[in-house]
Amino acid sequence: MLNIVIVDDDQFVSLSLKTILESSGEIHVLELGGDGAQAVALYERYQPEVLLMDIRMDGMTGLEAAAEILGKYPDARILFLTTFLDDDYIVQALRLGAKGYILKQDFECLLPSLKAVAKGQSVFGSEIVTRLPDFLGKGSHAQYDYHAKGITNKELEIIGLVAEGYSNREIAAQLYLSEGTVRNYLSAVLEKLELRDRTQLAVFYYQNR
């Protein structure tokens with residue numbers, strides 16, 4: 001059973017999400033909140049496996065709440081669920097280290113997204129991934145010297161595929177490696193670049209192309 005907290009300033013939405021998700025038999029909603037301040041308080045109280053949160057809310061926004069939570073709990077798993085496909089919101093969510101950003105109209109992918117985020121995976125819709133270069137200023141920075149950080153050519157190839165939204169399995173198939181080998185490469189890359197996860201790696205890649 002996956003324990004989550006839901007924060008949305010529309011109570012009808014929160015209650016509907018709770019009812020639908022719990023009916024799956026795989027989700028237990030610990031508590032509902034209505035703004036960013038409540039999100040921070042509820043996270044500190046329950047430390048759920050996933051915090052499912054809206055972005056636009058009165059008072060403290062979801063992004064402000066995420067910044068505060070991740071500042072105290074770097075391993076917090078936050079999944080944004082919003083109606084807004086807004087470039088600035090997506091960029092901020094990525095830079096903060098949120099685990100995912102999905103749209104409310106893509107509700108059918110919510111349950112698998114929650115389960116993926118709980119396992120430490122990052123979840124962003126294909127439309128968002130393909131627009132990352134534009135969001136993050138593709139071509140506006142000097143080329144980063146990865147080799148100075150000890151990044152090998154194979155690791156650089158994997159970084160590029162991660163940034164394009166490929167999963168470990170897809171990377172393994174494309175490069176004729178095992179998934180375990182890809183995971184090992186990825187762990188080494190994150191350590192060398194002092195990054196937390198593959199989402200931050202994708203952001204880093206596009207910011208330094």
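Using a 4.0 Å cut-off between charged side-chain N and carboxylate O, Asp8 and Lys104 make a salt bridge.
Taken to the nearest 0.5 Å, the CG atom of Asp9 stands 12.0 Å off from the CD1 atom of Ile55. Once rounded to the nearest 0.5 Å, the distance linking CG of Leu63 with CZ of Phe80 reads 4.5 Å. One finds the CG atom of Leu111 at 9.0 Å from the OG atom of Ser23 (value rounded to the nearest 0.5 Å). Once rounded to the nearest 0.5 Å, the distance linking CG of Leu96 with CG of Leu70 reads 6.5 Å. Between atom CZ of residue Phe12 and atom CG of residue Leu17 there is a gap of 9.5 Å, rounded to the nearest 0.5 Å. The NZ atom of Lys119 lies 14.0 Å from the NZ atom of Lys99; values are rounded to the nearest 0.5 Å.
Counting heavy atoms from C-beta on, the side chains of Arg45 and Val5 never come closer than 4.5 Å. Annotation: side chain of Val189 is not in contact with side chain of Val162 (no heavy-atom distance under 4.5 Å). You'll find the side chain of His147 reaches within 4.5 Å of the side chain of Asn153, heavy atoms only. Looking only at side-chain heavy atoms (C-beta outward), Leu30 and Leu42 stay at 4.5 Å or farther from each other. Within the 4.5 Å cutoff, the side chain of Leu79 has heavy atoms near those of the Leu110 side chain.
In terms of heavy atoms, Arg77 sits closest to Val117 at CD-O, 3.2 Å. A pairwise comparison of heavy atoms in Leu161 and Gln174 identifies CD2-NE2, 3.6 Å as the closest pair. Nearest heavy-atom pair across Ser167 and Glu170 is N-OE1, 2.9 Å. For the residue pair Ala118 and Leu2, the shortest heavy atom distance occurs at CB-CD1, 3.4 Å. Shortest non-hydrogen contact noted between Ala65 and Gly36 is CB-O, 3.5 Å. In terms of heavy atoms, Ile69 sits closest to Ala39 at CD1-O, 3.9 Å.
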### Query
Where do Asp54 and Val13 land on the side-chain contact (heavy atoms from CB on, under 4.5 Å) test, with the steps shown first?
CA-CA 10 Å; Asp54 196 2; Val13 170; over 6 Å; no
### Worked check of side-chain contact (heavy atoms from CB on, under 4.5 Å) between Ile4 and Leu21
CA-CA 10 Å; Ile4 72 169; Leu21 289 171; 4.0 Å; yes
### Query
How far apart are the C-alpha atoms of Lys154 and Leu175, what are their side-chain angles, what is the distance that settles it, and do they pass the side-chain contact (heavy atoms from CB on, under 4.5 Å) test?
CA-CA 9 Å; Lys154 179 63 69 177; Leu175 300 183; 4.3 Å; yes
### Task
List the steps, then state whether side-chain contact (heavy atoms from CB on, under 4.5 Å) holds for Leu177 with Ile171.
CA-CA 8 Å; Leu177 301 170; Ile171 294 171; 5.7 Å; no
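Ring geometry for Tyr146 against Phe204 counts as perpendicular: the plane angle is over 60°, on a 0 to 90° scale with 30° as the lower cut.
Every residue meeting the ring-ring contact (aromatic ring centres under 6.0 Å, His included) condition with Tyr43, not counting sequence neighbours, appears here in chain and number order: Tyr73. In this structure Glu49 satisfies the salt bridge (charged side-chain N to carboxylate O under 4.0 Å, His left out) test with no other residue, sequence neighbours excluded.
Within the structure, side-chain hydrogen bond (donor to acceptor under 3.5 Å, both in side chains) contacts touching residues 25-39 (residues at least two apart or in different chains) are Glu26-Lys115, Glu31-Tyr46.
The backbone N or O of Lys149 sits nowhere less than 3.5 Å from a side-chain atom of Lys192 that would complete a donor-acceptor pair.
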